[in-house]
Amino acid sequence: MDRFLDTFFNMAVLGRYAPAILDGALITVVLSLLIVSTGIALGAGLACLRAYRIGPVSFAIVIFADVWRALPPLVLILLAFFGLPNVGVVLSSFMVLYLVLMLVLAAFAEEIVWAGITATPKGQWEAARSTGLSFTRALVFVVLPQAVRMVIPPLTNRAIAITKMTALGMVIGVPDILGQATTAQSFSANASPLTLAAIAYVILFLPLVIASRWLEARFTPPGA
Amino acid sequence: MMLSPDLPGASSGVALSIENLHKSFGTEPVLKGLDLAVGRSEMVFVLGPSGSGKSTMLRCCNRLEEPDSGEIFIEGDRLTGPGVDLNKIRQRIGMVFQSFNLYPHLNALGNVTLALRQVQKMPRAQAEAAGLDALDRVGLSARARHYPAQLSGGQQQRVAIARALALKPSVMLFDEPTSALDPELVGDVLDVMRDMKAQGMTMLVVSHEMKFARDAADRVIFMDHGRIVETGPPEQIFGNPQEDRTRAFLSRFHG
């Protein structure tokens, strides 16, 4: 028992590295917010663009979405971090992690929002167009709001999944929660910082999960 | 403020005219050279078996369905052909759908004011006043803040009518407006249509409400296989149809 406590809950180690993990938590939060906001915005934007059904544009969007959904994010992170400098593009580890996860989320969000757009009844388009709304206005004011409400559950699931992947930043040295914790763990030769990291993740993500439930309930259409 | 252009001298009282309209779906011809003129303030009822092309004709009248050939004019202004500002001219043609097609994420007033705000660029206060006025005309200004899901089918259809009316159209098209309604809710919608007629609205109605057609319509048209078979005042069509196909069709309703 003592050995267990000493391994995972060593008070001295916990105390020493808590500030570093807190710094890491800030990075995780900032990174997550950036990824979710811009990733979903980009994905929704691409889904809208696809609604115009311009052959080459739609094709490019589908290729982007399929490739970025098919590749493991870790592969993309390593490729970008170790490959891009060889072609003259040097990005910070933070930037690489942000860009890769944002684009992965955008790829998923595009498919999810697109599903919502195609599931919106044709009559909604017709009603909007019959009152003189242009295609773009019908999309923005009538179809997209319904499409997004329809797909909030898969969208929030995907957003939660992608924010947890910020932990992948560890492999390229992003000082997020896990990055700080693994550094601390190797310096202290003790697993307690990892325990702290786990606790930090729970504290950060549990409210997010709860918030997503609220969001899903909030946008369930009345009477449905 | 009247937004519908009241063109002086624009054709002799014809609000909507359809000339030699053709439309096919694939290789299947649906409309085979249709001609129809609807006079100002006239209520024209279109009857016909399913597949006769009545809904397609109606939907061509605001180009939700693109005609293959033929021309359509709204108060003398051409609707068909290239170079037409469709979004502008569509505001002069109100359309009411069988399935209402209200926007579920907007309340009744939001449904009615969306085009006023986004197309006619009315300031919010003015759009809401016009929206409430339109809702008042269908007897639903008290339900302005209700969402479609909180309204009965008949109320939803009346909001849909108000949504079209708010744009002050020259012509209203009704595509089976009561077919999706419970029988006890049909009357409210028909009452609204009767009021609109009394106020001089031009209406082209595809519907199976024979009784209503008989006492409200100015003219009844019987369509079959993409053509107008017979046209005349309701007394003639219902009382003494000249064509066998009209007689055969109507006999199934008189039962």
Side-chain angles (χ1 to χ4, degrees), chain A residues 40-41 43-45 47-48 51-55 109 112-156 212 214-224, chain B residues 3 55 58-59 61-65 85-107 110-121 134 146-152 156 159-169 171-175 180:
Chain A
I40 288 181
C48 287
Y52 289 84
R53 297 182 196 270
I54 304 163
I112 291 169
V113 174
W114 174 246
I117 289 175
T118 55
T120 303
K122 194 162 149 267
Q124 292 291 313
W125 285 102
E126 294 186 343
R129 298 303 308 273
S130 77
T131 56
L133 264 68
S134 64
F135 182 90
T136 302
R137 289 207 168 88
L139 178 63
V140 170
F141 295 110
V142 174
V143 175
L144 194 61
Q146 297 181 54
V148 169
R149 277 170 174 77
M150 222 184 301
V151 298
I152 279 175
L155 219 45
T156 51
S212 76
W214 173 83
L215 197 65
E216 286 163 25
R218 165 78 179 71
F219 283 112
T220 303
Chain B
L3 283 164
S55 280
L58 204 69
R59 290 162 56 84
C61 290
N62 67 356
R63 282 176 65 186
L64 277 183
E65 218 61 83
D85 186 347
L86 206 51
N87 295 329
K88 194 162 173 227
I89 205 164
R90 271 178 175 157
Q91 294 175 64
R92 293 162 59 185
I93 312 161
M95 178 103 180
V96 177
F97 301 88
Q98 179 177 352
S99 47
F100 327 140
N101 297 346
L102 288 185
Y103 315 131
H105 61 296
L106 299 177
N107 63 25
N111 268 272
V112 176
T113 53
L114 181 65
L116 296 176
R117 300 280 319 273
Q118 297 302 332
V119 186
Q120 299 191 343
K121 301 290 174 197
H146 285 56
Y147 283 84
Q150 300 165 321
L151 298 170
S152 74
Q156 288 187 53
V159 171
I161 292 172
R163 175 172 65 184
L165 275 181
L167 295 167
K168 307 221 183 287
V171 178
M172 287 279 294
L173 309 172
F174 292 85
D175 191 2

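Throughout, a chain's letter reflects where its sequence line sits, starting with A, and its residues are numbered from 1. Any value given below was found using the heavy atoms of this structure, including those in side chains, with hydrogens, waters and symmetry copies removed.
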Q) Side chain, backbone, both or neither: which part of A:Arg129 has an atom under 4.5 Å from a heavy atom of chain B? A) both
Under 3.5 Å: donor-acceptor pair, side chain of [X], backbone of [Y]:
| X | Y | answer |
| --- | --- | --- |
| A:Arg137 | B:Val119 | no |
| B:His105 | A:Phe141 | yes |
| A:Gln124 | B:Pro104 | no |
| B:Asn101 | A:Ala127 | no |

Q. For A:Leu133 and B:Asn87, which heavy atoms make the closest approach, and how far apart are they?
A. O-OD1, 3.6 Å
Contact part of [X] toward chain A, heavy-atom cut-off under 4.5 Å: side chain, backbone, both or neither?
| X | result |
| --- | --- |
| B:Ile93 | backbone |
| B:Leu173 | neither |
| B:Arg63 | neither |

Q. Can you tell me how far CE of B:Met95 sits from CD of A:Glu126, rounded to the nearest 0.5 angstrom?
A. 7.0 Å
Q.
As an exercise: rank B:Leu102, B:Leu86, B:Ile89, B:Val96 by heavy-atom pairs under 4.5 Å with chain A and give me the winner.
A. B:Leu102
Q | Choice from B:Pro148, B:Ala115, B:Ala160 maximising heavy atom contacts with chain A below 4.5 Å | A | B:Ala115
Q. If we only count heavy atoms from C-beta on, is the B:Phe97 to A:Ser130 side-chain gap below 4.5 Å?
A. yes
Q) Any side-chain heavy atom of A:Thr131 sitting closer than 4.5 Å to one from B:Arg90? A) no
